[in-house]
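Take a look at the structure below.
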Amino acid sequence: MQFDTPATTNPIDRMKVVGKPIHRIDGQLKTTGRAKYAYEWHDADIAYAYGYPVGSAIAKGRITSMDTSAAKAAPGVLAVVTTLDVGDLKKGQFNTANLFGGSQIQHYHQAVAVVVAETFEQARSAASLIKVDYAEEKGFFDLEVAAEKAVKPDESQEPDSAVGDFDAAFRTAPVTLDARYATPDQSHAMMEPHASIAAWNGDEVTLWTSSQMIDWWRGDFAQTLGIEKDKVHLMSPFIGGGFGGKLFLRVDAVLAAFGAKACGRPVKVALPRPFIANNTTHRPATLQRIRIGAQRDGKITAIGHESWSGNLPDGSLETAVMQTRLLYAGENRMTAMRLAALDLPEGNAMRAPGEAPGLMALEIAIDEMAEKLGIDPIEFRIINDTQVDPENPERPFSHRDLIGCLKLGAERFGWDSRKAPATRREGNWMIGLGVAAAFRNNLVLPSGARVRLGSDGIVTVETDMTDIGTGSYTIIAQTAAEMMGVDVDRVAVQLGDSRFPVSAGSGGQFGANSSTSGVYAACIKLREAVARKLGFNSADVIFEDGNVRSGNRTVPLAEAAGVDGLVGEDTMTWGDLTETHQQSTFGGHFVEVGVDVVTGETRIFRMLAVCAAGRILNPITARSQMIGAMTMGVGGALLEELSVDTRRGFFVNHDLAGYEIPVHADIPHQEVIFLDETDPYSSPMKAKGVGELGLCGVAAAIANAIYNATGVRVRDYPITLDKLIGGLPDVA
Amino acid sequence: MKSFTYERASTAEAAAQAAAKNSGAKFIAGGTNLLDLMKLEIETPQHLIDVNGIGLDRIEATPEGGLRIGALVRNTDLAANETVRRDYGLLSRALVAGASGQLRNKATTAGNLLQRTRCPYFYDPNQPCNKRQAGSGCSAIGGVTRQLGVIGTSDACIATHPSDMAVAMRALDAEVETVKSDGSTRSIPIANFHRLPGDTPHVETALEDGEFITAVVLPKPVGGKHIYRKVRDRASYAFALVSIAAVIQADGRGRVAVGGVAPRPWRVEEADAELTKGARATSGILLDGARPTDDNRFKIDLVERTLGAVIAEAKG
């Protein structure tokens with residue numbers, strides 16, 4: 001099915017199941033420990049072996065020799081496979097850094113060997129016996145230095161944009177802001193580390209892994225191993241968090257495959273926690289410059305946003321300026337991004353890539369500009385709202401209610417109690433309120449599904465869609481239940497298996513809308529099959545209460561299925577509605593903070609998010625996405641930074657003691673409100689995503705609240721107490 | 001983790017003797033730090049002597065009016081003890097400011113004193129570290145140092161001691177009681193227990209090979225207000241950037257120790273005498289000779305400010 005005209009009334013609009021607050025259908029499996037994650041697959045009849053990786057001790061250079069003799073002689077060791085043994089491998093389509101193979105070292109903790117042994121402990125112990133000699137080369141690890149030589153990226157990446165005459169408009173604007181901001185490298189730091197089990201059967205391999213994107217992984221896994229894609233069976237039914245860190249094939253899968261081949265047994269490999277920071281991908285740091293010019297009435301006349309980020313050769317930009325092309329009006333505009341060569345580990349997508357760090361800067365700049373103008377920051381955003389793409393005014397937003405989010409949020413949060421900076425004090429707490437806009441585009445990807453109707457009336461959905469903790473199982477079950485007119489407990493959902501139709505996967509907040517649309521399409525096919533079988537005219541068939549009805553004839557669905565059952569399969573593809581109409585999600589984040597006047601410690605007192613994101617498929621799972629993202633935003637604002645050792649070229653704080661993310665004590669009551677809306681341009685579901693929207697703008701709202709509390713403006717994240725303490729009142 | 005042999009000791013003396021027989025042995029109690037370090041092969045004991053069965057898990061009054069805390073008393077139990085909460089509130093507050101509930105349930109009094117630094121370079125076996133491998137050099141100096149020490153450090157090591165409990169013990173003038181493998185016992189004032197790094201940062205305490213901590217003894221209560229203020233980046237489960245342990249009397253006199261700034265709980269007795277003059281005077285002496293880095297210079301200011309708040313709180 002191709003979605004190329006706006007949705008009209010369809011079975012989803014009944015909202016008998018979709019839109020209802022249904023607890024996640026896989027919840028009990030998870031709370032009772034029966035949901036099997038990648039490393040946990042265990043068949044008592046199979047003699048699994050255990051692989052442990054060895055990471056490069058240098059950041060750049062090449063391996064001159066490796067001595068594996070001691071490791072091979074260690075107790076329990078079955079095989080040692082080194083990067084030299086396997087030689088140069090073809091890189092996956094979606095990988096920037098080489099995962100394994102050859103002598104070149106591109107970054108710290110790049111995998112150089114795997115040791116396979118009878119037990120995990122034996123493998124780990126033997127891994128430390130491998131001796132590696134390196135020829136180290138000089139690398140570049142400091143973004144501030146490398147940014148001076150940053151270049152305009154090639155045409156495969158986002159080009160500069162310009163409308164009107166930015167320079168002239170900025171120069172002549174009566175009120176201007178020209179400020180620089182910095183966001184650090186961040187780690188996905190998901191609970192479940194990357195983990196895989198590989199088992200060969202002849203020239204075919206089965207891989208249990210932790211992947212957000214089954215088909216991308218399958219293709220890149222085959223390409224890296226030099227085998228045909230159809231020889232790979234990949235399964236990833238449960239994933240303990242990804243945040244973008246599991247979008248692209250990772251080395252645990254590759255090492256498990258080589259290890260299993262070498263020892264002739266299925267091999268399990270999990271990446272040790274320090275590898276998450278330095279072996280896998282991370283969100284790249286940015287340096288940003290924002291210039292805004294406005295008339296005294298608050299109307300923006302010039303807006304410019306530039307960003308510098310670094311990456312390995314062939315790596316991508318952190319697209320931090322993208323939201324600035326769309327979020328606010330202004331006749332004269334420019335954006336530009338430059339890419340610096342760095343020899344740190346690969347930078348790549350992390351939850352809301354581009355928008356998350358971009359809004360961390362832009363939404364401080366908007367707050368600063370509002371203050372310069374003497375206009376309330378919400379009013380300033382309303383003045384500069386736009387219902388069309390500001391770079392391309394004939395292109396409207398499909399639906400945009402940023403103003404509604406901000407106004408409702410202001411009312412609910414008590415925004416009118418906000419005081420002038422550094423004037424509200426309760427005991428040692430300096431208290432402030434902050435606001436920021438949330439913005440993230442609605443992306444859609446093709447998504448397929450197969451839906452079976454069994455003779456028992458059970459509807460079974462099969463798709464290679466993944467559930468990374470987001471609630472995919474549940475919203476897919478709701479979609480199929482709504483379409484087939486059954487209760488949600490009559491639907492079984494099977495995900496994350498490469499034998500199923502290729503789906504959108506999980507990423508870019510495209511998963512929920514795309515994958516349920518694919519299920520919608522497959523259900524349309526199944527409904528047609530049911531109608532055909534019963535001799536009904538499919539146009540007037542109603543699926544309701546477990547029955548199929550046409551005119552005055554009603555047949556139970558199970559009966560319609562017959563003994564052999566029926567199947568519907570289809571893939572939702574997308575026309576040009578995302579081109580003719582700008583499709584985005586919107587929100588307002590409101591935060592109250594306290595800053596200790598003595599120590600500069602910031603604690604969050606209250607958080608509210610109001611979102612306009614199309615139809616909410618399930619308010620429980622959507623809220624969970626939001627509050628999780630808001631929590632991540634607190635980390636981004638106050639805690640998270642991969643600290644770069646610019647001499648040795650690695651992220652120093654590569655464990656969860658050093659890379660601090662919020663704990664329960666950091667997070668107050670969080671309130672989430674979804675505006676009641678639909679977007680018929682987005683899909684037949686009329687839904688969009690919320691998984692990234694929840695993060696977008698949070699950190700800036702906190703930064704703005706800290707400014708309101710203290711009068712200290714920090715433009716470089718995270719906002720730790722050492723950046724505040726010099727500006728706090730003298731208390732001695 | 002390297003393979004190791006394992007035994008259970010039944011008495012403190014037996015534990016010390018077992019350690020004398022096995023060079024490269026370690027005692028294991030709660031294991032909350034040791035096991036992590038063994039997994040990373042930062043600690044590679046060939047033999048573990050499990051001391052969880054030796055008793056020494058009681059808190060008893062001493063004839064001098066103080067308190068003897070058995071080496072195996074868990075942090076949770078120590079923090080919750082009624083006498084500790086009444087007479088040594090500083091200690092209870094420091095304990096609950098540290099780690100997490102789960103860790104405090106396992107961690108012991110002696111083990112807490114012996115926990116090792118959280119310097120990230122110490123934790124990465126690819127990086128030179130004089131504490132991990134004597135003479136290999138210090139990669140932290142000139143690197144990422146925001147968490148690291150500002151005073152008492154050396155050109156060989158700028159790591160800090162991570163304990164909260166030990167800072168309170170230092171302010172309370174605790175003594176560490178031990179037994180050696182020959183059965184002899186001694187009592188080490190906490191001021192002498194942790195060593196400064198100098199040229200030998202791998203030598204962290206005054207303990208001899210195989211010497212076993214049996215108890216920590218607190219002198220009789222000193223009264224006053226007991227305040228432990230820990231400053232950290234997140235609200236819980238984080239090591240101190242700076243912590244202040246203070247006992248302050250009604251007349252403003254008192255004693256203060258500082259955590260998060262030095263290779264050991266940091267106290268300068270002459271600084272105590274300045275408490276009546278205020279935080280600036282006191283911290284000026286406490287941190288005299290400090291050698292901060294650009295990344296951790298804020299700790300100097302932070303100590304003074306936090307101490308000021310502690311003094312104000314004591315008055316209020």
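Throughout, protein chains are lettered first and strands after them, A, B, ... in sequence-line order, and every chain is numbered starting at 1. Scope of the values below: all heavy atoms of this structure, side chains included, with no hydrogens, waters or symmetry mates.
For the pair A:Lys268 and A:Tyr50, the cation-pi test (distance below 6.0 Å, angle within 45°) is failed. The side-chain tip of A:Lys138 points at the ring of A:Phe140 from less than 6.0 angstrom away and within 45° of straight on.
The list of side chain to side chain donor-acceptor pair (under 3.5 Å) pairs with a residue in residues 650-662 of chain A, not counting sequence neighbours, reads A:Glu640-A:Tyr659, A:His654-B:Asp124.
Only the side chain of B:Leu241 has a heavy atom closer than 4.5 Å to any heavy atom of chain A. A:Val644 touches chain B through its backbone: at least one of N, CA, C or O sits under 4.5 Å from a heavy atom, while the side chain does not. At a 4.5 Å heavy-atom cutoff, the contact between B:Lys39 and chain A is made by backbone and side-chain atoms alike. Contact of A:Arg124 with chain B is made through backbone and side chain together, with heavy-atom distances under 4.5 Å. Heavy atoms of A:Ile604 lying under 4.5 Å from chain B are absent altogether. Proximity to chain A (any heavy atom under 4.5 Å) is shown, for B:Arg234, by both the backbone and the side chain. Only the side chain of A:Leu639 comes within less than 4.5 Å of a heavy atom in chain B; its backbone stays farther off. With a threshold of 4.5 angstrom between heavy atoms, B:Ser100 does not approach chain A through any atom at all.
Between the side chains of A:Ser56 and A:Tyr108, no donor-acceptor pair of N or O atoms lies under 3.5 Å. One side chain, B:Asn112 or B:Ser163, offers a donor N or O that lies under 3.5 Å from an acceptor on the other.
Of all the listed residues (B:Ser236, B:Ala312, B:Ser283, B:Ser139), the one sharing the greatest number of non-hydrogen pairs under 4.5 Å with chain A is B:Ser139. Contact count against chain A (heavy-atom pairs under 4.5 Å) is highest for B:Leu302 among B:Asp301, B:Leu302, B:Ile311. Ranked by heavy-atom pairs under 4.5 Å with chain B, the first of A:Ile58, A:Asn428, A:Val663 is A:Val663. The greatest number of non-hydrogen atom pairs below 4.5 Å with chain B, out of A:Ile661, A:Val634, A:Val597, is found for A:Ile661.
Exactly one of B:Asp233, B:Asp294, B:Asp295 qualifies for a side-chain hydrogen bond (donor to acceptor under 3.5 Å, both in side chains) with B:Arg146. That residue is B:Asp233.
In terms of heavy-atom proximity, B:Gly254 sits nearest to B:Asp272 at O-CB, 3.4 Å.
The six-membered or imidazole ring of B:Phe4 lies away from that of B:His47, with a centre-to-centre distance of 6.0 Å or more.
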